[in-house]
Amino acid sequence: NMSVFSSLMVDLETLGTGPNAPIIQIGAVAFDLEQGTVAMSHLNVDIYPHEDTRADFETVQWWMNQSAEARDSVFNTEERETEKNGVLYLTDYIETFCKEDFTIWAMPPIFDVAKLEAPYSRNSLTVPWKYNSSRCLRTLADLAGAGREDRILPSIPHVAGLDAKAQAETAIKFHGMLKG
């Protein structure tokens, strides 16, 4: 029986910042703030941009300036899923690793969590978290008096699954700082 976690950290890579931005990678990892534990396996799914989404040039330009590893992870992959399958994988991950009343974390949720809800509704799927369950890593950082330099960094930045994992570890660290 695997441990069941109380929180989920999500991170998206997109080709835009607007409400209709194409999602190109979904990352997630289950974790527990109180226990200070992170699930052994994280989710990282590459997505075909949905036809109803819209890229923006500034974001594409931004991607062109990222590391070769990050660009490769997002663009040079053979294993790409439809948006619908991508969120179904996320739902499966949640059902496997998360408690029923888990909290969903992002940096910030108004970006990642809000953008993740769009593909669920576009594909007539049920969002697997409660409307009031989102939490913000930036808010936690502010409350803990932590700065950018206090964050735990991913092994390769801008790979969604690795970002999510580093952000979960960061949340645990900042939570510990708050507890004193």
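When reading the values below, keep in mind they use all heavy atoms of this one structure, side chains included, and skip hydrogens, waters and symmetry mates. This one's a predicted model, so the numbers in the text were calculated from it and none came from an experiment. Residues: numbered from 1 along the sequence shown.
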Q: For Asn123 and Pro119, indicate whether the former's side chain and the latter's backbone hold a donor-acceptor pair under 3.5 Å.
A: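 Yes: the side chain of Asn123 pairs with the backbone of Pro119.
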Q: Between Leu125 and Leu88, does the side chain to side chain contact (heavy atoms under 4.5 Å, CB included) criterion hold? Intermediate values first, please.
A: CA-CA 8 Å; Leu125 299 168; Leu88 285 172; 4.0 Å; yes
Q: Which heavy atom in Val29 sits nearest to a heavy atom in Ser41, and how many Å separate them?
A: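 In terms of heavy atoms, the two residues are closest at CG2-O, 4.1 Å.
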Q: Search all heavy atoms of Val38 against all heavy atoms of Ile172 and return the closest pair with its distance.
A: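 Looking at all heavy atoms of both residues, the shortest contact is CG2-CD1, 3.6 Å.
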Q: Are Leu140 and Met177 grouped together when hydrophobic residues (ILVMFWY) are joined by side-chain heavy atoms under 4.5 angstrom apart?
A: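 The answer is yes; both residues are in one hydrophobic cluster.
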Q: Are Asp142 and Thr139 close enough that a side-chain donor and a side-chain acceptor fall under 3.5 Å?
A: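 There is no such pair (donor and acceptor under 3.5 Å, judged by atom type) between the side chains of Asp142 and Thr139.
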Q: Would a 4.5 Å heavy-atom cut-off, applied to side chains only, mark Ile23 and Pro49 as touching?
A: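 No, every pair of side-chain atoms sits at 4.5 Å or beyond.
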Q: Do Val74 and Val87 sit in one hydrophobic cluster, given that two such residues count as connected whenever their side-chain heavy atoms are within less than 4.5 Å of each other, even indirectly?
A: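 Each belongs to a different hydrophobic cluster.
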Q: Using ring centroids (six-membered ring only for Trp), state whether Tyr93 and Tyr89 fall under 6.0 Å.
A: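 No; Tyr93 has its ring centre 6.0 Å or more from that of Tyr89.
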Q: Side chains of Arg135 and Met9, heavy atoms from C-beta outward: is any pair under 4.5 Å?
A: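 No; the side chains remain at least 4.5 Å from each other.
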Q: Checking Asp150 side chain against Gly147 main chain: does a donor-acceptor pair fall under 3.5 Å?
A: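 Confirmed, Asp150 side chain pairs with Gly147 backbone.
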Q: Considering only heavy atoms from C-beta outward, does the side chain of Ile26 approach that of Val10 to under 4.5 Å?
A: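 No, side chains not in contact.
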Q: Would you mind reporting whether Leu43 and Leu90 have side-chain heavy atoms less than 4.5 Å apart?
A: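 Yes, side chains in contact.
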Q: Looking only at the side chains, is there a donor atom on one of Ser133 and Thr103 sitting less than 3.5 Å from an acceptor on the other?
A: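 Ser133 vs Thr103: no donor-acceptor pair found between side chains.
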Q: Where is the tightest heavy-atom contact between Ala166 and Pro154, given as atom of each residue plus distance?
A: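 Nearest pair, atom of Ala166 first, then Pro154: CB-N, 3.5 Å.
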Q: Are Phe102 and Ser7 side-chain neighbours, meaning at least one heavy-atom pair lies under 4.5 Å?
A: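 No, every pair of side-chain atoms sits at 4.5 Å or beyond.
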Q: Ion pair present between Glu169 and Lys165, side-chain N to carboxylate O less than 4.0 angstrom?
A: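 Between Lys165 and Glu169 there is a salt bridge, with a charged N closer than 4.0 Å to a carboxylate O.
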Q: Within the distance-only criterion (no hydrogens, no angle test), does the side chain of Asp56 pair as donor or acceptor with the backbone N or O of Thr17 below 3.5 angstrom?
A: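 Between the backbone of Thr17 and the side chain of Asp56 there is a qualifying donor-acceptor contact (under 3.5 Å).
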Q: Is Met107 reachable from Leu178 through a run of hydrophobic residues whose side-chain heavy atoms are each under 4.5 Å from the next?
A: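 Yes, it is one cluster - the side chains of Leu178 and Met107 are joined through contacts under 4.5 Å.
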Q: Please examine the side chains of Leu162 and His42, heavy atoms only from C-beta on, and report whether any two atoms are closer than 4.5 Å.
A: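 Yes - at least one pair of side-chain heavy atoms lies under 4.5 Å apart.
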Q: Answer yes or no: is there a side-chain heavy-atom contact under 4.5 Å between Pro22 and Tyr48?
A: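 Of all side-chain heavy-atom pairs linking Tyr48 with Pro22, none is under 4.5 Å.
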Q: Quiz question: by atom type and distance under 3.5 Å, do the side chains of Thr37 and Asp32 form a donor-acceptor pair?
A: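 The answer is no; no qualifying pair exists.
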Q: Compare every heavy atom of Asn44 with every heavy atom of Gln25, then report the nearest pair and how far apart it is.
A: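 It is NE2-ND2, 3.3 Å.
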Q: Hey, are the side chains of Ile24 and Phe75 touching, using non-hydrogen atoms and a 4.5 Å cut-off?
A: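 With C-beta onward as the side chain, the pair touches.
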Q: Can you name the nearest heavy-atom pair linking Glu13 to Val159, along with the distance?
A: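 Looking at all heavy atoms of both residues, the shortest contact is OE2-N, 4.1 Å.
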Q: To the nearest 0.5 Å, tell me how far Arg80 CZ sits from Glu78 CD.
A: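 Here the interatomic distance stands at 9.5 Å.
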Q: Regarding Thr77 and Asp46, is there a side-chain donor-to-acceptor distance under 3.5 Å anywhere?
A: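 Yes.
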Q: Which label fits His158 and Trp63: parallel for a plane angle under 30°, tilted from 30 to 60°, or perpendicular past 60°?
A: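 Judged by the thresholds at 30° and 60°, the geometry between His158 and Trp63 is perpendicular.
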Q: Does Trp129 have its ring centroid less than 6.0 Å away from the ring centroid of Tyr120?
A: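 Yes.
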